[in-house]
Amino acid sequence: MEIRFLGGAREVGRSAILVDDSLLLDYGMLTGNPPQFPLDADPDAVVVSHGHLDHVGALPSLLSGDARPLIHWTPPTRDLANTLARDTLKLHGGTLACPFTETDVHRMSEVSVTHGYGESFEAAGYEVTFYNAGHIPGSAHVLIDDGDTRLLYTGDFHVDDHDADGVGGQRLVAGSRARPDADAVIVESTYSDVEHDDRGAVEERFAERVARTVWEGGTVVVPAFAIGRTQEVLMVCEAYDIDCYVDGMGKDVTRSVLQHPEFLRDADALRRAKGHARFVTGRQGQKKRIAAQNTVVVTTSGMLSGGPAMTYVPEIAGHPRNLVAFTGHQVEGTPGRELLDTGQTELDGRRMRVSARVDQYDFSAHADRDGILDFLDAYRNASVLVNHGDRCRTFADELRDDGWTASAPERGETVRV
């Protein structure tokens, strides 16, 4: 097999990998101003690992010409990709930040083919199988078999630490336990230098801080990614009996993933969490009234780069009894990162100093260093290609020092396995 890295190599964003100039794995975008996209591709078929913007954000653009490659994914990934595409059109349609049209998005449904975990299927002449990757609902490891070589693409993944001690782990989806035989592995390395805190301990710290803030008369804004993180936080709030509102795209995503209960760890728990939360349905006026209450609001965007957070955070920014509780990593250059580092940021064109307290909690849905190494331990005899990270070369060096055959290809590079 010849594997060409069109994006996502030595970076986080615009993941895209082309196998033998025929089978494309993911086609995402790297958000920014301006956004960045993968190298051009004209595949015979596309297989998608999961429904996050950095893996599906540019997907409709593949259908803008005469080509109509079939797109293979799980049912939740199909729905999430469509939600993201329509949101991109709404926010950026007709600009360079949106490389596709409404027609292209409509065409995705015409070429869509869905598959469950463990169901082998044919794509561009390869036998392909999805396995649960434990990242978000519908996320998949992708195993590709051409009859001679078996290539495993991990996508983004989280290992299952929930059952080891009875606590911890994600509430939304079960972690990855699949280790299919493979000759080569393309592995993400997002948190290859990080050890996550115990999830149960993180939840307890979060719940105690949020509950105390409300008890003291403050308002809590929880910026959260719409896909995966919002649902996780809602489940934590329900488990600790914390009343909350939910706003932004996370509302639609919550409804969407509940349509596919077989891809959730505990669908009933998410239904309870949805019933426990109050969905915001009004516009600016209602949001400002909610922000003035003694309450909790879970809202997009997770890095303060848009969405209803642009209303809620300025409304609570002026008083130190209030709290902004980040639940995910804040990328360098984002408003969220600037707020964490400096106590001030620019929101919706307005620069402001934030007197409210600012916390960060590690609810990551990626495997940490120990999780990645535990996963790779099953592939000591395979070739390991490291991607999707800020330190891909360093991690590949560390793997080689520990006995793996590992490398970190550059964007545009072709590797034969």
Side-chain angles (χ1 to χ4, degrees), residues 11-13 29-36 52-54 57 87-88 90-92 95 97 190-191 194 202 205-206 209-210 213-214 216-230 232-233 244-250 280 283-364 390:
E11 64 184 356
V12 177
M29 69 166 62
L30 177 59
T31 55
N33 189 19
Q36 299 178 57
H52 270 155
L53 200 63
D54 56 334
D87 187 64
T88 300
K90 177 182 175 182
L91 296 175
H92 306 294
T95 74
T190 317
Y191 285 92
V194 172
V202 173
R205 288 199 302 270
F206 171 82
R209 177 73 145 170
V210 168
T213 299
V214 173
E216 292 175 346
T219 298
V220 182
V221 174
V222 183
F225 309 125
I227 297 174
R229 195 61 45 80
T230 290
E232 190 80 14
V233 172
C244 66
Y245 288 90
V246 60
D247 202 352
M249 190 197 298
V280 179
R283 298 186 180 272
Q284 201 80 346
Q286 186 194 16
K287 298 178 197 297
K288 290 186 176 183
R289 288 193 296 273
I290 291 171
Q293 296 178 21
N294 179 208
T295 191
V296 179
V297 184
V298 182
T299 184
T300 47
S301 74
M303 298 185 194
L304 302 186
S305 56
M310 297 300 97
T311 297
Y312 292 111
V313 173
E315 288 295 313
I316 73 159
H319 203 292
R321 72 174 172 233
N322 297 328
L323 172 67
V324 178
F326 289 108
T327 58
H329 176 66
Q330 303 299 300
V331 172
E332 190 77 38
T334 62
R337 179 62 175 269
E338 185 182 15
L339 178 56
L340 271 175
D341 290 346
T342 69
Q344 59 181 313
T345 193
E346 183 174 306
L347 296 176
D348 212 15
R350 295 173 291 168
R351 176 152 291 278
M352 64 183 64
R353 180 170 294 279
V354 176
S355 298
R357 294 168 293 176
V358 180
D359 287 351
Q360 185 176 28
Y361 300 89
D362 183 7
F363 283 95
S364 176
D390 295 325

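Because the structure is predicted, anything quoted here is derived from the model rather than measured.
For Gln284 and Thr311, the side-chain atoms include at least one donor-acceptor pair closer than 3.5 Å.
Considering only residues two or more places apart in sequence or on other chains, Arg205 meets the salt bridge (charged side-chain N to carboxylate O under 4.0 Å, His left out) condition with Asp197. Scored by the side-chain contact (heavy atoms from CB on, under 4.5 Å) test, Tyr312 finds Val221, Asp247, Val280, Lys287, Ile290, Ala291, Val297, Thr299, Pro308 as partners (sequence neighbours excluded). Qualifying side-chain hydrogen bond (donor to acceptor under 3.5 Å, both in side chains) partners for Thr213, counting only residues two or more places apart in sequence or in other chains: Arg357. Scanning for side-chain hydrogen bond (donor to acceptor under 3.5 Å, both in side chains) contacts around Arg289 gives an empty result, with sequence neighbours left out. For the salt bridge (charged side-chain N to carboxylate O under 4.0 Å, His left out) test, no residue two or more places apart in sequence or in another chain qualifies with Glu346. Every residue was checked against the salt bridge (charged side-chain N to carboxylate O under 4.0 Å, His left out) condition with Glu315, not counting sequence neighbours, and none meets it. Under the ring pair (Phe, Tyr, Trp, His ring centres under 6.0 Å) criterion, Phe363 pairs with Phe206, not counting sequence neighbours. Remark: Glu11 pairs with Arg14, Leu30, Arg411 by the side-chain contact (heavy atoms from CB on, under 4.5 Å) rule, at least two apart or across chains. By the side-chain hydrogen bond (donor to acceptor under 3.5 Å, both in side chains) test, Arg351 pairs with Glu338, sequence neighbours left out. Asp390 pairs by the salt bridge (charged side-chain N to carboxylate O under 4.0 Å, His left out) definition with nothing, not counting sequence neighbours. Partners of Thr334 by side-chain hydrogen bond (donor to acceptor under 3.5 Å, both in side chains), not counting sequence neighbours: none found. When the ring pair (Phe, Tyr, Trp, His ring centres under 6.0 Å) test is applied to Tyr245, no partner is found at least two apart in sequence or on another chain.
Put simply, the side chain of Thr230 never gets that close to the backbone of Gly250: no donor and acceptor are under 3.5 Å apart. Listed for the Gln36 side chain is no donor-acceptor partner under 3.5 Å among the backbone atoms of Pro34. A donor-acceptor contact shorter than 3.5 Å is absent between the side chain of Thr342 and the backbone of Leu339. Put simply, the side chain of Asn322 never gets that close to the backbone of Ala356: no donor and acceptor are under 3.5 Å apart. Counting only distance, with no hydrogens or angles, the side chain of Thr219 and the backbone of Gln293 share a donor-acceptor pair below 3.5 Å. At distances below 3.5 Å, not a single donor-acceptor pair connects side-chain atoms of His329 with backbone N or O atoms of Ser364.
Side-chain contact check for His52 versus Phe225: every heavy-atom pair is 4.5 Å or farther apart. Gln360 has its side chain within reach of Leu340: a pair of non-hydrogen atoms, C-beta onward, lies under 4.5 Å apart.
Thr300 approaches Ala224 most closely through the heavy-atom pair CG2-O, 3.4 Å. Considering every non-hydrogen atom in both Gly302 and Gln330, the closest pair reads O-NE2, 3.1 Å. Across every non-hydrogen atom of Val220 and Ala325, the tightest pair is CG1-CB, 4.4 Å. The two residues Pro35 and Ala97 come nearest to each other via the heavy atoms CG-CA, 3.5 Å.
Atom CG of Asp54 and atom OG1 of Thr31 lie 8.0 Å apart (nearest 0.5 Å). Here Arg229 contributes atom CZ and Ser301 contributes atom OG; the two are 13.0 Å apart, rounded to the nearest 0.5 Å. Expressed to the nearest 0.5 Å, how far CG of Asp359 lies from CZ of Phe326 amounts to 10.0 Å.
The residues Glu332 and Arg337 are annotated as salt-bridged, a charged nitrogen and a carboxylate oxygen being separated by less than 4.0 angstrom.
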*asked:* Go through it in stages, so that I can follow the logic: the residues are Leu323 and Val214, the test is side chain to side chain contact (heavy atoms under 4.5 Å, CB included), and I'd like the CA-CA distance, side-chain angles, deciding distance and then a yes or no.
replied: CA-CA 9 Å; Leu323 172 67; Val214 173; over 6 Å; no

